Amino acid sequence: MALYSETVMDHFRHPRNVGVIEDANGIGEVGNAQCGDIMKMYLKIENDIIVDVKFETFGCGSAIASSSMATELIKGKPVSEAMQLTNKAVAEALDGLPAYKMHCSVLAEEAIQSALEDYYKKVKKDD
Ligand code: FES
């Protein structure tokens with residue numbers, strides 16, 4: 001059996017939503033100290049809907065595929081739904097990750113959470 005699913009390979013080779021959102025109102029950056037990989041998420045939120053999301057990932061193939069899939073899963077969705085996104089849902093949407101690569105999907109969950117926290121901090125400050 002192949003180590004990585006077709007979906008993982010597709011998102012690794014053709015990652016969706018790569019880049020920067022200049023006027024993002026939620027930005028999160030997380031890293032994994034063990035492997036040294038870094039993921040940055042940019043969110044553009046309007047009326048509690050994630051109208052745009054982009055990422056930059058300096059990391060392994062699974063981290064790139066996880067960030068790509070995670071952005072697809074939250075794009076166009078309400079903030080409340082994005083907050084519920086788990087790394088397990090990302091891995092499932094990728095048709096699975098090898099057990100020792102599950103931490104790569106955790107990075108995607110954490111990056112989105114961190115960007116959402118940043119958004120809430122900014123919203124509160126502007127109130
Ligand atoms: Fe570090 Fe994949 S090996 S995120």
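Read the numbers this way: they start at 1 and go in the same order the structure lists the ligands and their atoms. Worth saying up front: this structure is predicted, and the values here are computed from it rather than measured.
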Q: Out of Ala65, Cys60, Ser66, Ser67, indicate the one that has the non-hydrogen atom closest to atom 2 (Fe) of ligand 1.
A: Cys60
Q. Which atom, counting only N, O or S, brings Asp37 closest to atom 1 (Fe) of ligand 1?
A. OD2
Q. Which residue supplies the protein heavy atom nearest to atom 1 (Fe) of ligand 1, what is that atom called, and how far is it?
A. Cys35 SG, 2.1 Å
Q | Proximal atoms of ligand 1 relative to Cys104 (non-hydrogen, under 4.0 Å) | A | 2 (Fe), 3 (S), 4 (S)
(Q) Tell me whether Arg13 contacts the main-chain N or O of His11 through its side chain, where contact means a donor paired with an acceptor under 3.5 Å. (A) no
Q.
Please give me the minimum heavy-atom distance between Asn87 and Met102, naming the atom from each residue.
A. ND2-CE, 3.7 Å
Q) Have Tyr42 and Glu22 got a donor and an acceptor in their side chains that come within less than 3.5 Å? A) no
**Q.** Any Lys101 heavy atom less than 4.0 Å to ligand 1
**A.** yes
**Q.** Carboxylate-amine/guanidinium contact Lys121 Glu117, below 4.0 Å
**A.** no
**Q.** Region of Ser62 that comes within reach of ligand 1 [heavy atoms, distance under 4.0 Å]
**A.** neither
**Q.** Numbered atoms and elements of ligand 1 in range of Ala63, under 4.0 angstrom, heavy atoms
**A.** 4 (S)
**Q.** Distance-minimising heavy-atom pair for Ser105 and Ala91
**A.** OG-CB, 4.3 Å
Q: Give a yes-or-no answer on whether the side chains of Asp95 and Ser5 include a donor-acceptor pair shorter than 3.5 Å.
A: no
(Q) Taking only non-hydrogen atoms of His103, do any sit less than 4.0 angstrom from ligand 1? (A) yes
